[in-house]
Number of protein chains: 2
Amino acid sequence: MRGNLFAVAVNLVVLTVRSDRLHVLLIERGEPPFLGHWALPGGFVRPEEDLVHTASRRLGEETGADTGSAVCGHLEQLASYAAPDRDPRGRVLSVGYLALLPDMPEPTPGGGAAASAWCAVDDVPPLAFDHQRILADGVERAKSKLEYTTLAVSFCPDEFTVTDLRRVYEAVWETSLDPRNFQRKVTSTDGFLVPTTTLVTGGRGRPPRLFRRGPATALHPPMLRESHRAGNRQPAPHDTELHHSVE
Amino acid sequence: MRGNLFAVAVNLVVLTVRSDRLHVLLIERGEPPFLGHWALPGGFVRPEEDLVHTASRRLGEETGADTGSAVCGHLEQLASYAAPDRDPRGRVLSVGYLALLPDMPEPTPGGGAAASAWCAVDDVPPLAFDHQRILADGVERAKSKLEYTTLAVSFCPDEFTVTDLRRVYEAVWETSLDPRNFQRKVTSTDGFLVPTTTLVTGGRGRPPRLFRRGPATALHPPMLRESHRAGNRQPAPHDTELHHSVE
DNA sequence: GCAAAAGTGTTTTCCGTACACCCATGT
DNA sequence: ACATGGGTGTACGGAAAACACTTTTGC
C-alpha cells in the first residue's frame, strides 16, 4: 500500500423549502482554517465508520435530531472532491452528500460550528474551501431528481396537500406550474401519493385533502421543467470529455 | 486535523460494446490481496494528483493509449466506496469512475496486473473487494444515461452508421428497438448526429450513411427503455431513505 | 429478379398544455 | 353573495409506437 494518505471528510448539502424558497443549511466555522467563514456542515469520517454513517450522524447533530434516526427525509451521496489544494491543512478528500428535509425549526450548531442558519440558495455568501461547487452540484442534483423521481415528498412533512407539493417543485425549479395539471399529474401517477380522509379546514376556499407519500420512487413519464425544450445541456461539472486523437 | 487517514484509490468501470454485447475491462490481480482474482482496473491516487487525473492515467495505461489523452470516449465519476472492511490492508476509500469507449483491440495489462481482458457484463466472474457493486453501479449509470444524453456515441468510433448506434443501445439495454423509429429519432434530434457525405458500400442492402457525433449532449425528450412503464423503480444502491420518526 | 438493409410516410395513440368549468369553504 | 383556492372535464398539439412502403445495394 502506498503512503499517500488522505484525511476523508463528509460535507452535507442539506436542502429544505422555507417560505417558498429553496434553502441550504450553512454553518459558520468555529475553527481554522476559514475561521468565521460560512461553509457546508461536515466532519471527518471516524475509524470504523462508513461514509453514510458519518453523513447521517452529522446531519442529526446539525438539525437537532438527538439519536441517529432523523425525520422523514432523504440522504444520498453526491460526489467526491479531492483537488490537491482544496484544503490548506493538507490532502483532504471530501465526499459530498445531499440531504432533503421538510421545513425544520432553526438549527442549533454542533460539531465545532460557531453558528448555523438556513440560507436561501440564491443568497449564499462566498463559502469556504470548494463548498460553492459542492453546493452547486447538490442543487443541480436536487433539481434534476425532482424530474424523474418522487423525491419532492422528502421536502414535505408526513401529511401534506397537493399544493404544498407543488410549491416544493416551484421553489426548487424557480418556475410556476399550472395547479390543475400538476394536480392531475401527481394524483394519477400510481404510487406517488396516498390520499387520507382528512381535509384541511381554516383556509380560504375549498378545503384540500391531505396525502402521504406513496411507495413509488420513480416518475414515468417524468415531469419536465421548462428549460428542457432545447436539444443541448451543459455537461455535468465532473464529467470529463476525453480528448480526441488518432486511434 | 484528525489522524484517521485513508489510502485513496480510483477504480474504473471501463465499458465498451463488442459483438453486440456490453463488455467491461477486467484485470487479473498480480499482487495480494486477492492475488489471481479478477478485479476492476484501478490504482492509488498519487500526491498532487487529482482524482480525474488518476482515472485517466490508469485508463490510458490499461487501454494502450501511451500518452495522456485517450481515444474519443467519456469519463465521469461514479461514487465513492469506503466500507471499513472493504480492503484487508486497511482503510481504503475507492472512487469509482465510469469510462465509455469504442471497441478497442485486446488490452495489454499495466499497473501491476497479471492479465487483462474484455468480459461480457453478464458473464463476469466474482470480483475482488466490492468491485461487483462498483460495476453494478457503473452499468446502471450507463444504462440510464443513454436515456437522456447522447453518450451512446462515446461507444462508437469517429464515424459510424445509425445502425451502429442502434446496436449500442440494444446491447446496453438488452432490448431491441425499431430500426425505423430509431432512425428518425436520432437523425431528427438537433445536434445529435452530423451527417457526412460518405456511404458505406460492401454490405448487403442499401449502403448506409456515415455520421459523426454532434454538439448536443442532452436528449429531450429522452429515449425510454421498455421497463419504464411501471411507476416504480428500485432506489439507487447508495441512496439512503432516512427512517421515519416523531418530529 | 430477389433478398436485405436503409430510409420515408402514414396512422394511431398517448400525454402534456391550456383553459373552461364546477365544488366547497371563509368572510 | 362573493372571493378564494381545490379539483374535474375537454379540446388541441406534438411526439412516440406501429407498420406499410420506397430506395439502393449484393447476389
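Everything numeric in this text was worked out from a predicted model, so none of it was measured. In what follows, every chain begins at residue 1, and chains take the letters A, B, ... in the order their sequences are listed.
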Each nucleotide N or O in nucleotides 7-10 of chain D that has a protein N or O under 3.5 Å away: list the pair and distance.
| residue | atom | partner | partner atom | Å |
| --- | --- | --- | --- | --- |
| D/dG7 | OP1 | A/R209 | N | 3.0 |
| D/dG7 | OP2 | A/Q183 | NE2 | 3.2 |
| D/dG7 | O5' | A/Q183 | NE2 | 3.2 |
| D/dG9 | N7 | A/R184 | NH1 | 3.1 |
| D/dG9 | O6 | A/R184 | NH1 | 3.3 |
| D/dG9 | O6 | A/R184 | NH2 | 3.3 |
| D/dT10 | O4 | A/R184 | NH1 | 3.3 |

For A/P195, enumerate each residue passing the side-chain contact (heavy atoms from CB on, under 4.5 Å) test, keeping only those at least two apart in sequence or located in another chain. A/R209, A/F211
Could you tell me whether A/R58 and A/E61 have a side-chain N and a carboxylate O separated by less than 4.0 Å? yes
B/L224 CG - D/dA17 P separation (whole Å): 7 Å
Does B/R213 pair with B/D158 as a salt bridge, N-O distance under 4.0 Å? no
Distance-only polar pair, side chains of A/N11 and A/Y81, donor-acceptor under 3.5 Å: no
Name the residue closer to the 5' end of DNA chain C, choosing between A/D178 and A/G203 according to the nucleotide with the nearest heavy atom. A/D178
State plainly whether the residues B/R167 and B/E174 are in salt-bridge range, i.e. N to O under 4.0 Å. no
Please check the phosphate of C/dG16 (OP1 and OP2 only) for any side-chain N or O of A/K185 closer than 4.0 Å. yes
CG of A/L219 versus P of C/dG16: gap in Å, rounded? 10 Å
If I take atom CG from residue A/L193 and atom CD from residue A/Q183, how far apart are they, to the nearest 0.5 angstrom? 9.5 Å
note: B/F182, atom CZ; D/dA18, atom P; distance rounded to Å ~ 16 Å
Using whole Å, what does the distance between atom C1' of nucleotide D/dG6 and atom CG of A/D164 come to? 13 Å
Would you kindly give the CG-to-C1' distance between B/L177 and D/dC19, to the nearest whole Å? 16 Å
